[in-house]
There are 2 protein chains.
Amino acid sequence: MRPYAGLVQARPYHHGHLRETLLEAALEAIRESGPGGWSLRDLARRAGVSHAAPAHHFGDKRGLLTAIAADGFRGLSEALEAAWRASGSFLEVGVAYVGFAITHRAHFEVMYRPDLLRRDDPALAAARQASANRLYGSMQDAAAADPAFDALHGAIAAWSLVHGLATLWLSGNLPSALGDDPEAAARAVLRYLFQPLPKGWRGA
Amino acid sequence: MRPYAGLVQARPYHHGHLRETLLEAALEAIRESGPGGWSLRDLARRAGVSHAAPAHHFGDKRGLLTAIAADGFRGLSEALEAAWRASGSFLEVGVAYVGFAITHRAHFEVMYRPDLLRRDDPALAAARQASANRLYGSMQDAAAADPAFDALHGAIAAWSLVHGLATLWLSGNLPSALGDDPEAAARAVLRYLFQPLPKGWRGA
DNA sequence: CCGTGAACTTGTCAATGGCAAGATGCGACC
DNA sequence: GGTCGCATCTTGCCATTGACAAGTTCACGG
């Protein structure tokens, strides 16, 4: 009546930590072939369980990717907070954004992809909000110190720059002359934010 | 011996402009559900042909998306060139980049996605190079006019900013306070590139 | 011991990508 | 006119996938 109980088996019926195993397998799969180059059945095979087991934990692939994105935003939030506390510099917060994107490529590839995610997921929404607060928080000083400074547009300029840099870096679209240290590159590029135009240069 | 010739039929056996029809259908499908939310069989059905017909023109979905990306780079190249000729302003070239991304969303969503494309496609490589030349071209003046200006990092700062802004805009990640005119938003944000830091502001 | 519920397995079906053989029709050539 | 080659399609097959549902296992509480 209990075929599992009577067999010599490699592992018990219950995996025990399948959710974590699937998340890890998904991160690996994303690193190998992006968010789209694998199936839930692939993951199930990697985890050594039957093809429908992942559905219990995440519902479907969208649910799995949403969990990964939420983890990603939490990690990003912590990285930004740490950079702010260590340096008090919004530029170093920007560098930390790029650094996080590069070191957590699989998470980052998913986090800003609404087509892949459940936008109404409460954990995702909360994690996103927390990281946005960290991003914009370093701009509140600017608004307080100089009423002529537009915090909204300044913050979006900074975010756009680091987000664009990370995205272009990860997709291999930047010239190799930029080098292979993303944080050094981010610092060199961020220097041009809030810097004067070159002498004699039209453009503004 | 000729079943087609003897039937009353809605159209001839040969579609006549199936390649263009498929490209149009793909752009529409991307607008509806991104590059991943549809199949080649979907497209074949939209075009009124059999499921395997698209394979003749593009090989597979990757080939189709590669053709779309190449068209996208060509369109972007033209838009950047037009902005440069009209204004002589690298900032307006940046605004044109954002404007193109928003008005050609389907193309843009594909263009910087190496996971979806054939990187070794000659037409794609040529179109990418042409648009990169237009992007960086407006920075050559800077290097010539001020030897202290680093054209590489300055150009990447500008590109990262507009690319990040377009990407965040298209994925619905920017605050609604930014408004709904992408070019106005781009101008407001680009003002912070090469602008002095606010008075009394730490951060550099 | 029994019932419940979480965590799994097995099975089925429609849709898909990939591949290959078959069909259509036009132009060039004899 | 007939034939051939080729571009452009259609049909058919098969392995894989997502989605769904029924079935099984096992730990815990009453």
Side-chain angles (χ1 to χ4, degrees), chain A residues 1-26 29-30 32-68 110 115-118, chain B residues 1-26 29-30 32-68 110 115-118:
Chain A
M1 308 311 107
R2 290 177 163 189
Y4 258 88
L7 296 176
V8 176
Q9 60 200 17
R11 67 162 178 92
Y13 177 80
H14 282 109
H15 188 281
H17 46 282
L18 180 57
R19 194 176 191 279
E20 293 73 31
T21 301
L22 289 171
L23 287 169
E24 265 308 311
I30 294 168
E32 287 167 15
S33 49
W38 47 274
S39 64
L40 274 189
R41 291 190 181 210
D42 276 336
L43 285 201
R45 281 190 291 267
R46 287 176 192 233
V49 294
S50 68
H51 77 268
H56 176 74
H57 293 276
F58 301 105
D60 54 11
K61 187 169 174 179
R62 186 181 297 269
L64 174 69
L65 294 176
T66 298
I68 283 175
V110 173
D115 53 308
L116 302 181
L117 310 177
R118 291 206 187 110
Chain B
M1 309 312 112
R2 289 179 163 189
Y4 258 91
L7 296 174
V8 175
Q9 60 199 15
R11 67 164 177 90
Y13 177 81
H14 282 107
H15 187 282
H17 47 282
L18 180 57
R19 191 175 194 278
E20 291 74 31
T21 300
L22 290 171
L23 287 168
E24 265 310 309
I30 294 168
E32 288 168 12
S33 47
W38 46 276
S39 64
L40 274 190
R41 290 190 182 208
D42 278 334
L43 286 200
R45 281 189 292 268
R46 291 179 189 229
V49 294
S50 70
H51 78 265
H56 175 76
H57 293 276
F58 301 105
D60 55 10
K61 188 170 174 179
R62 186 180 297 268
L64 174 68
L65 294 176
T66 297
I68 285 175
V110 173
D115 53 310
L116 301 181
L117 310 177
R118 294 209 185 105

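A, B, ... follow the sequence lines: proteins, then strands. Residue 1 opens every chain. In this text the structure is predicted, and so the values were computed from the model without any measurement.
In this structure, the CG atom of A:Leu43 is 17 Å from the P atom of D:dT16, given to the nearest Å. Atom CZ in A:Arg41 sits about 13 Å away from atom P in C:dT12, given to the nearest Å. If you measure from atom NZ of B:Lys61 to atom P of C:dT16, you get 11 Å, rounded to the nearest angstrom. Distance B:Trp38 CH2 to C:dA15 P: 19 Å, rounded to the nearest Å. Taking atom CG of A:Leu40 as the reference point, atom P of C:dT16 lies 18 Å away to the nearest angstrom.
In the region residues 15-23 of chain A, proximity to DNA chain C at under 4.0 angstrom, judged on heavy atoms, holds for A:His15, A:Gly16, A:Leu18.
Of all nucleotides listed (C:dC8, D:dA19, C:dC19), C:dC19 comes nearest to the side chain of B:His51.
Of all non-hydrogen atoms in A:Ala44 and A:His51, the two that sit nearest each other are CB-CA, 3.9 Å. Nearest approach of A:Ala26 to A:Ile68, heavy atoms of both residues: CB-CD1, 3.6 Å. B:Ala29 and B:Leu43 make their closest contact through CB-CD2, 4.2 Å (heavy atoms, listed as atom of the first residue, atom of the second, distance).
Side-chain N/O atoms of A:His14 include none lying less than 4.0 angstrom from OP1 or OP2 on D:dT24. Under 4.0 angstrom from either OP1 or OP2 of D:dT8 there lies at least one side-chain N or O belonging to B:His56. Regarding contacts with the backbone of C:dT16, a side-chain N or O of B:Ser39 is found under 4.0 angstrom from either OP1 or OP2. Distances shown here put a side-chain N or O of A:His57 below 4.0 Å from the OP1 or OP2 atom of C:dC8.
In summary, of the residues considered (B:His56, B:Glu24, B:His57), a side-chain contact (heavy atoms from CB on, under 4.5 Å) with B:Arg19 occurs for B:His57 alone. The side-chain contact (heavy atoms from CB on, under 4.5 Å) test with B:Pro54 singles out one residue from B:Asp42, B:Leu22, B:Thr21, B:Leu64, and that residue is B:Leu22. The side-chain contact (heavy atoms from CB on, under 4.5 Å) test with A:Leu65 singles out one residue from A:Asp60, A:Leu117, A:Asp115, and that residue is A:Leu117.
Counting any heavy atom pair closer than 4.0 Å across all strands shown, A:Arg45 reaches sugar-phosphate atoms only and no base atom.
Between the B:Lys61 side chain and the B:Leu116 main chain, no donor and acceptor come within less than 3.5 Å of each other.
For C:dC8, its base sits under 3.5 Å from the side chain of A:Tyr13 at one donor and acceptor pair at least. If you check distances only, the side chain of B:Arg62 never reaches the base of C:dG17 with a donor-acceptor pair under 3.5 Å.
Nearest-nucleotide positions on DNA chain C place A:Ala52 closer to the 5' end than the other of A:Ala52 and B:Asp42.
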